[in-house]
Each structure stands twice: as structure tokens, then as C-alpha cells.
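The model shown is predicted, which means the values in this text are computed figures rather than measured ones. Throughout, protein chains are lettered first and strands after them, A, B, ... in sequence-line order, and every chain is numbered starting at 1.
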Number of protein chains: 2
Amino acid sequence: MTEYLPHPPAEYIALPAVLTALGDETRLAIIAILARNGERAMTCGQFLQFGSKTAISYHVAKLREAGIIHVRPEGTKRLLTLRRGDLESRFPGFLDTVIASTAATLPYNSLGMPEAAQFAGE
Amino acid sequence: MTEYLPHPPAEYIALPAVLTALGDETRLAIIAILARNGERAMTCGQFLQFGSKTAISYHVAKLREAGIIHVRPEGTKRLLTLRRGDLESRFPGFLDTVIASTAATLPYNSLGMPEAAQFAGE
DNA sequence: TCATTAGTTCAATGATCATTGAACATTAAG
DNA sequence: CTTAATGTTCAATGATCATTGAACTAATGA
């Protein structure tokens, strides 16, 4: 299972694919929370509030295939990170405006964390 | 046929719906060209390069329902305009970054116009 | 009046979507 | 070795998508 998951190289990230991937409430919520979480990676399990294991696995794959997130296997977990740099170089300003626009809409602090702490160990 | 087409009021424009609507090459091309055309309205007929009458009618309806464009009947035509102001107030910076990102990808000058002129009379 | 222009509506089609539950694979922990 | 934790894969399902052609509506122009 420590296999390499396919990620499109930065220069292949396509705008229609990115827009389509983000045009879903669940996936938008996932990237909004990833963005709020700063540089810290998160796991699929942290998004089970938004759907079943299967559903999250599906959405995470969509985000990965579109080039929006990077997924790194670590033990039985997957460490998810936003591909901020790649998206910024390809579509300057885009991700930030989406995140900012999402902030107003997102259910308040969907992770229910007072401040970091639940991923102190990495 | 001079009936009113339904448009969502600005405050009801939803980000997932906007992203979904733009996550299609044809619709992305349409809004990119509308954007390039400045304030000048355009008609459905000017987008037949991207599909049949039926297809364009379908895509234009999607863009309208998402709140991205405004459609005003004028004779047998429909005058299409980008809802720049509404989108800007709702999702600041978003449309501009999308347009800018699209510019690099779009087939060069899809309308083949040397400079305005084809809609001098309005 | 009659034909033309511009776009819509409808039904059909094949494709892709998002979701579910069951089964499975992999790693970690006791 | 056994069990638990974390995700993935698969098949099935119902929903929505994008497209087509035929028929239609409404406004314009000869």
C-alpha cells in the first residue's frame, strides 16, 4: 500500500478540472479546512463528518486527480496537503479568492478545534 | 417571448454553483469571451463556434441560473452580459483570477475580431 | 402575408456523478 | 498471531450532464 499515488505535474493542472473538482460542497469544505489548517497535513479520517469512508475516499481522489491536493501514504493513513504553490503559480490568486469566498459560507469551525493540538505529533 | 428570465439575486449566488457552472470548457470559453468583450453585450449566436444552437442555449441557461451572466431578451435575440459587479461583491477577486487564468489557455482570439466593430450598433 | 432569423423546448441517449454497503488490503498495536 | 485502525476497491443505484435533431415560438423584414 506504500505505492505512489498519481498526481498531475503542476504544468498539467487544468482550470476546468480544478473548477469541476471544487464545484461540490463536500470537496469545497475539505479544501477550506485544509487551508485553515495551514501547513499541517490532515487525514481522510478527519473529514468523516462530511460523509462515509467511501465517499471521502472518492472525493479525496477527485481533488488529487485535479491537482488540488497532494496525498502521501504514511502508515495506514493518508496525509493530505493543499498544493498551494503549484496552484498559485498556475492560477495566481485563484485559490486564495476561493478560500476567502468559502470562509463566509462554511459552517463555523467545522473541525471544532479550539486551536491546533489534535495533530501536535506528526 | 418578451418574458422575464429568472436570475438569482446577487446575495443568493452560491460558490459551488458558480464553480460547477464554470467547470466546463464551453462555458469557460463563453465567459472568457464575454469578459474580453468589455461592457458590450453579446448574443448566443456569437458562440455557435462552440456547439449547436441547442447546446449554446443549454450552457447559457446554466450560466444564467448560476448567477454568472445576465440575459436580456431584445427582439429575437438575447443580450448576454457578465454579472461582474455582483460576482465581485460576492466573491471579491474571484472572477478576475478565473478570467486571467483562462486567458493563457483560450484559443487565440476565438472571435476573430480585429477590434470591436461587429456590435457597433446596439 | 410569407419567409427568415434567433433561440427554446422536448425526448432520447450515453456518459459521468455521488453515494452506499460489502469485501478487501495494509499497517500498527497488543 | 490476532485484532484494530485506516483507507481502497467493487458493483449497484439513481441522479444529473452534455449533446442531438425535430418541432416549435416569437420577432423581423421583404
Side-chain angles (χ1 to χ4, degrees), chain A residues 1-7 14 16-31 34 41-66 68-81 111 118-119 121-122, chain B residues 1-7 14 16-31 34 41-66 68-81 111 118-119 121-122:
Chain A
M1 212 186 223
T2 308
E3 75 192 53
Y4 298 99
L5 297 165
H7 294 81
V18 168
L19 291 165
T20 297
L22 294 180
D24 173 276
E25 305 217 27
T26 300
R27 295 192 291 262
L28 208 45
I30 290 176
I31 67 105
L34 274 175
M42 298 184 71
T43 67
C44 293
Q46 293 184 274
F47 298 103
L48 292 178
Q49 45 180 313
F50 298 122
S52 64
K53 279 197 304 179
T54 311
I56 299 304
S57 181
Y58 169 78
H59 289 302
V60 163
K62 288 276 174 185
L63 289 169
R64 173 177 52 76
E65 288 159 8
I68 298 170
I69 65 175
H70 186 266
V71 183
R72 175 165 58 98
E74 182 114 327
T76 76
K77 303 188 179 182
R78 302 289 180 271
L79 297 186
L80 315 180
T81 50
L111 269 185
Q118 60 212 109
F119 233 72
E122 197 277 319
Chain B
M1 211 183 224
T2 307
E3 76 192 51
Y4 297 101
L5 298 167
H7 294 80
V18 167
L19 291 165
T20 297
L22 294 180
D24 174 276
E25 306 218 26
T26 301
R27 294 192 292 261
L28 209 44
I30 290 175
I31 68 104
L34 273 175
M42 297 184 71
T43 67
C44 294
Q46 292 183 274
F47 298 103
L48 291 178
Q49 47 182 311
F50 298 123
S52 63
K53 279 196 305 179
T54 310
I56 298 304
S57 182
Y58 170 78
H59 288 303
V60 163
K62 288 275 174 186
L63 290 168
R64 174 178 51 76
E65 288 159 10
I68 298 169
I69 66 176
H70 186 266
V71 184
R72 176 165 59 98
E74 182 114 328
T76 76
K77 302 189 179 182
R78 302 288 179 273
L79 297 186
L80 315 180
T81 49
L111 270 184
Q118 60 211 110
F119 233 74
E122 194 279 318

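Nearer the 5' end of DNA chain C, as judged by each residue's closest nucleotide, is the contact made by Thr20(A), out of Thr20(A) and Ser52(A). Toward the 5′ end of DNA chain D lies the nearest nucleotide of Cys44(A), the other residue of the pair Asp24(B) and Cys44(A) mapping further downstream.
Atom NZ in Lys62(B) sits roughly 14 Å away from atom P in dT9(C) (whole-Å rounding). Atom CG of Leu5(B) and atom P of dG7(C) are 12 Å apart (whole Å). Straight-line distance from the CZ atom of Arg78(B) to the C1' atom of dT28(D): 14 Å, rounded to whole Å. Remark: P of dG21(C) and OH of Tyr58(A) are 17 Å apart, rounded to the nearest angstrom. Computed from coordinates, the Leu63(B) CG to dC17(D) P distance equals 13 Å when rounded to whole Å. The distance from atom CD1 of Ile56(A) to atom C1' of dT9(D) is 16 Å, rounded to the nearest whole Å. Taking atom CD of residue Glu74(B) and atom P of nucleotide dT5(C), one finds them 19 Å apart after rounding to whole Å. Rounded to whole Å, atom C1' of dG7(C) lies 13 Å from atom CD1 of Ile69(B).
Looking only at distances, a side-chain donor or acceptor of Gln46(A) sits under 3.5 Å from a matching main-chain atom of Thr43(A). Using a distance-only test at 3.5 Å, with no hydrogens or angles considered, a donor-acceptor pair links the side chain of Thr20(B) to the main chain of Pro16(B). Looking at Arg64(B), its side chain does come within 3.5 Å of a backbone N or O of Pro6(B) through a donor-acceptor pair. In this structure a side-chain-to-backbone donor-acceptor pair under 3.5 Å is missing from Arg78(B) to Val71(B).
Residue Ser57(A) places its side chain closer to dT8(D) than to any other of dT19(C), dG7(D), dT8(D).
The phosphate of dG21(D) (OP1 or OP2) has no side-chain N or O of Lys53(B) nearer than 4.0 angstrom. Phosphate proximity of dA28(C) to Thr76(A): absent, as no side-chain N or O sits under 4.0 Å from OP1 or OP2. Phosphate proximity of dC17(D) to His59(B): absent, as no side-chain N or O sits under 4.0 Å from OP1 or OP2. Contact annotation: Thr54(B) does not reach the phosphate of dT19(D) (side-chain N/O to OP1 or OP2, under 4.0 Å). For Thr43(A) and dG7(D), the shortest distance from a side-chain N or O to OP1 or OP2 is below 4.0 Å.
In this structure, Leu80(B) and Phe47(B) have side chains that are in contact, with non-hydrogen atoms separated by less than 4.5 Å.
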